[in-house]
Number of protein chains: 2
Amino acid sequence: MANATLKKIAQVLDISVSTVSRALKNHPDISASTKQKVMELAETLEYEPNAVAVNLRSKNTKVFGVMIPSITNNFYDSFVNAVEEEVKKAGYSLMILQSGDDPAIEIENLKIYRQNRVSGVFVCLSKETTNIDAFHKMKEANIPLVFFDKVPDNDAYDRVCLADKEAAEMAAEALLQKKKKNILAVFGNTQLSITKRRLDAFKKIMQQNTSVDVAYEFAGKSEEAESIAQRYFQLKKMPDAVFCMSDEILVGVMKCIQRLHINVPAQTGIIALSDGYFPGIYYPEITYVETSGYRLGKLACERMMECLKGKEETTELFVSSRFAEGGSL
Amino acid sequence: MANATLKKIAQVLDISVSTVSRALKNHPDISASTKQKVMELAETLEYEPNAVAVNLRSKNTKVFGVMIPSITNNFYDSFVNAVEEEVKKAGYSLMILQSGDDPAIEIENLKIYRQNRVSGVFVCLSKETTNIDAFHKMKEANIPLVFFDKVPDNDAYDRVCLADKEAAEMAAEALLQKKKKNILAVFGNTQLSITKRRLDAFKKIMQQNTSVDVAYEFAGKSEEAESIAQRYFQLKKMPDAVFCMSDEILVGVMKCIQRLHINVPAQTGIIALSDGYFPGIYYPEITYVETSGYRLGKLACERMMECLKGKEETTELFVSSRFAEGGSL
DNA sequence: ATGAAAGCGCTAACAG
DNA sequence: CTGTTAGCGCTTTCAT
C-alpha cells in the first residue's frame, strides 16, 4: 500500500492528523500507546513523508543547486563528488545544471533554481560570463551563493578557490630547483581569472632568476597544447622542461611527447597542476602540484553550511596545495 | 521585491487569486485588460511561480533521479551529460545520487527519491547488488525506472544497454582481420553482466579460429590491468595485440606499454572498447569500438519519456556500436 | 469574465 | 494528551 498519508493513517486509527504527525516525530506530548499504534500502522502501510509537502510548509527544500560549465570534466566531477558526499550527511540533495559555458543558459538555470526554491547554489562561472547581475537576484531571493573555481571578481560574494598562486609558485620553484634553464610554460585561456593568477605567480618566481629562459604559451584545448609542444620540441634547442597549467594541457603535451618519442625525464622534464588522476596514467608518473576538486568541494560545503547558519560577511577561501612527486621532472 | 505570490498580486489588484492564476496562464476566460494588468504587475514584482507548490498540487515534480556508482567516471559523466541536456528540453531537472557501489546506500537513495516524489529514476546498479527487491517498491510507488549499463537480469524492468555483444564481436573481428595470432584479452570484474556479455561474444568469435592464441585475463582496476600486461610483455613470446574491455583497463595497459617502451602498433597492437575520450589521448590514437555513454543517455531518456506516457511493456534496448580507427592496431 | 471554495500533504499555534 | 484550525502557494471545479 504505497503512498500512504498522515490523513489515511489518522482515518484508520480514528484520531487526528496532527496527532499522527506528532507521534511519528516522537513528540513528548503523545502517549506511548498512541505512538506505538501509529508507528506500527505507518510501518505496515509503508508510510513515507511527502517531501514536497514538507518543503512547502517549511519553506526549506533541502536541495542545493550546483551549476558547472559541463559535468564531463574530471575536475568538476570530483568537486561534485565531494559535495554530494558531504551534503548528504545533512540530508541535502543536489540539483546539477550545466551551463555549457553559455551565459544565457546560466541565467535560465538560475531561474530554475529560484523556482525550485533551492536552499543554496554552488556556482562555477562560465568562461564567457562577464556580467553577474543575474546573480544578484539570488541574493534578493535569499538564496545563498557559493562560487567556486571560476569566481567573480567581487568581494560581495562568497568564493572558494584553489590556491592558484601558491600552486604555481610551488611548481615554478620545483623547476628552478631542478636547474631547468629552458622552460616551456603552457597556460590556459587567458580570459580566465585562474589563468591570470597562475601566470602571474609563475612569472614572478621566474623573473627572480634571470638565467632561466621561459617561453609562455596559451592553449584553450588539448589539441592546441599538443601543437604548441610540437613546435617547441622541433627546435634545435628543445625545452628541458614543460610546465602544464592544467590536466587538459598536460594531456595535449603528453600526446606530443609520445608522438616524438621523447624520453621523460631524461630529455625533458614535465610538471603539471592537476587534480591527480591524469598524472598517474603516464609512465613515468607526472610530478604535479595538487589542485584538488575534491577538497575544493568539501571547503565549498563548509562555507555553504555557514551561510545557512546566517553568516553575513562574505569571504574568499583557498584550498591549499600539495606537491606530489611523480618522476617526470 | 522577490518572492511575490499569486495572493500578493491579487491583493494589490483587488481581484481573486484564481483570476491571477488564470491570467498568468493566458486562460481564454480572462479579459484582455485584466490579463495585461496582471502580467505587468507580475513583471514588476518579479513574480516567479513556486515550483514546490505547483508540484504538490500537480503531483508531478518534474525531477528525475539518476543513481550511479560514482560520478567520477568518464562513462557515467557522458551519460549524465546527455540526460541533463535532453530532459531539460522537457522542463525536467536531475537529482543525482551516488551509490558508491554500496547496496545499502542504494536502498537509502531510493528512499530519498520516493520521498521527493521524483517523476522517474535512471539507475545503474552497483557492482555488489544482487538483490533487487528494493526496486520493486518504486514500481509500487508508481515511479518508473529505467536501468542502464549495469542492469538487472529481469525482464520485468526497462533496460537500456550498450550493444556489448556487437561491440566485442567487432573488436574480435578486427583482431582476426589484422592476422593477430597471440592475443592478450583483458576483461573487467567477472561479476558484472557487461563483462560476461563482452567475454562471451569475444570468445565465440575467437573460437571459430583455432590458429589464434588468446589469453584471457581479468582486472578490477587499472593497476591490475597494468601488472597483467607487465607479466605478458615480459614473456619471450610477447602478445602481438591486446584487447581492452574498458577505458580503465586501457589506461592500465598503456601505462605498462609506456613503461616498457613498447612500440605501438609495430611491436603490439591495441584495441579497446571505449567511449572515445581516452583513446584520443595517446599517440598513436587507440583504435576502439565505441560504447557511448552519451548515446546511451539519449536512449535512456527516450525510454523514460515513453514510460511517462504510460507504456506498459518493458523492453531491453541497445545502443549500437561504431568502429573507430585509431592507428594502434 | 470572475470569484469562492476545496484540497494537494504536512506542521504548528492554540485550545481544551 | 489530543483535536481544531489555519495556512504554505497553487490549480481547478463549480457557481455566479
Side-chain angles (χ1 to χ4, degrees), chain A residues 1-39 41-42 45-63 91 114-119 141-143, chain B residues 1-39 41-42 45-63 91 114-119 141-143:
Chain A
M1 181 59 63
N3 281 340
T5 64
L6 293 187
K7 195 174 172 186
K8 197 175 280 174
I9 296 180
Q11 282 166 349
V12 174
L13 258 31
D14 198 32
I15 56 180
S16 81
V17 178
S18 44
T19 302
V20 177
S21 173
R22 291 187 191 107
L24 253 15
K25 299 198 128 44
N26 215 347
H27 189 109
D29 274 3
I30 306 298
S31 75
S33 72
T34 306
K35 272 182 194 169
Q36 201 188 348
K37 274 190 297 185
V38 172
M39 302 259 200
L41 186 58
L45 255 36
E46 296 190 322
Y47 169 78
E48 291 192 328
N50 183 327
V52 180
V54 175
N55 291 344
L56 178 59
R57 190 60 245 252
S58 66
K59 289 169 169 259
N60 179 3
T61 53
K62 290 237 161 199
V63 171
R114 260 181 274 123
Q115 299 192 351
N116 281 280
R117 305 297 195 263
V118 296
S119 305
N142 254 310
I143 298 179
Chain B
M1 180 57 65
N3 280 339
T5 64
L6 294 188
K7 196 176 173 183
K8 197 174 281 175
I9 296 181
Q11 282 166 350
V12 174
L13 260 30
D14 199 31
I15 56 179
S16 80
V17 178
S18 40
T19 302
V20 177
S21 173
R22 290 188 190 105
L24 253 16
K25 297 200 130 43
N26 214 347
H27 190 108
D29 275 3
I30 305 298
S31 74
S33 72
T34 306
K35 271 183 196 168
Q36 203 191 343
K37 275 189 298 185
V38 172
M39 303 259 201
L41 185 59
L45 255 36
E46 298 191 320
Y47 169 78
E48 291 192 328
N50 182 328
V52 180
V54 175
N55 291 343
L56 179 58
R57 190 57 244 250
S58 66
K59 289 170 170 256
N60 180 3
T61 53
K62 290 241 165 194
V63 171
R114 259 181 274 123
Q115 299 192 350
N116 281 281
R117 303 300 194 263
V118 296
S119 305
N142 255 310
I143 298 179

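Note that the structure is predicted; figures quoted are calculated from it, not measured.
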Output the rounded distance in Å from [atom1] ([X]) to [atom2] ([N]).
X: A:Ile15; N: D:dT4; atom1: CD1; atom2: P; answer: 12 Å
X: B:Leu6; N: C:dG3; atom1: CG; atom2: P; answer: 13 Å
X: A:Gln36; N: D:dC1; atom1: CD; atom2: P; answer: 15 Å
X: B:Lys62; N: D:dC10; atom1: NZ; atom2: P; answer: 17 Å
X: A:Asn60; N: C:dG9; atom1: CG; atom2: C1'; answer: 17 Å
X: B:Arg114; N: C:dG9; atom1: CZ; atom2: P; answer: 17 Å
X: B:Leu13; N: C:dT2; atom1: CG; atom2: P; answer: 11 Å
X: B:Arg117; N: C:dC10; atom1: CZ; atom2: C1'; answer: 11 Å

How would you label the contact of A:Val52 with the nucleic acid (heavy atoms, under 4.0 Å): base, sugar-phosphate, or nothing?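 Here A:Val52 touches no strand at all.
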
Is B:Ser58 touching bases, backbone alone, or none of the nucleic acid, heavy atoms closer than 4.0 Å?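 It contacts nothing in the nucleic acid.
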
Tell me which nucleotide among [options] gets nearest to the side chain of [X].
X: B:Asn50; options: C:dG9, C:dT2, D:dG9; value: D:dG9
X: B:Leu56; options: D:dG9, D:dT2, C:dC10; value: D:dG9
X: B:Pro49; options: D:dC10, C:dG3, D:dG3; value: D:dC10

Looking at [X], I'd like to know whether one of its side-chain N or O atoms comes within less than 4.0 Å of OP1 or OP2 on [N].
X: A:Lys59; N: D:dG9; result: yes
X: A:Lys7; N: C:dC8; result: yes
X: B:Lys8; N: D:dG9; result: no

Return the minimal non-hydrogen interatomic distance between A:Ala10 and A:Ser16, and the atom names on each side.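 Taking A:Ala10 first and A:Ser16 second, the nearest heavy atoms are CB-C, 3.9 Å.
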
Shortest non-hydrogen separation from B:Asn55 to B:Asn60 and the atoms involved: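 Scanning both residues completely, I find the closest heavy atoms to be OD1-O, 2.9 Å.
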
For A:Thr5, which residues count as a side chain to side chain donor-acceptor pair (under 3.5 Å) partner, sequence neighbours excluded?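 Counting only residues at least two positions away or on another chain, A:Thr5 forms no side chain to side chain donor-acceptor pair (under 3.5 Å).
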
With sequence neighbours excluded, residues passing side chain to side chain donor-acceptor pair (under 3.5 Å) with A:Gln36: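 Partners of A:Gln36 by the side chain to side chain donor-acceptor pair (under 3.5 Å) criterion, ordered by chain and then number, come out as A:Glu40.
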
How would you list, by chain and number, every residue that makes a side chain to side chain contact (heavy atoms under 4.5 Å, CB included) with A:Gln115, sequence neighbours excluded?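 If we apply the side chain to side chain contact (heavy atoms under 4.5 Å, CB included) test to A:Gln115, skipping adjacent residues, the hits are A:Lys111, B:Glu48, B:Pro49, B:Ala51.
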
Which residues satisfy the side chain to side chain contact (heavy atoms under 4.5 Å, CB included) test with A:Val54, sequence neighbours excluded?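 With neighbours one apart ignored, the set is A:Ser58.
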
If each of B:Val54 and A:Ser18 is mapped to the nucleotide of DNA chain D with the nearest heavy atom, which maps nearer the 5' terminus, i.e. the 5' end?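 The residue closer to the strand's 5' end, by nearest nucleotide, is A:Ser18.
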
Tell me, which of residues 19-30 of chain A have any heavy atom that sits under 4.0 Å from an atom in DNA chain C?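 Contacting residues: A:Ser21, A:Arg22, A:Lys25.
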
Donor-acceptor pairs under 3.5 Å, side chain of residues 20-30 of chain B to any protein atom, not counting sequence neighbours: which ones?
{"residue": "B:Asn26", "atom": "OD1", "partner": "B:Lys35", "partner atom": "NZ", "Å": "3.0"}

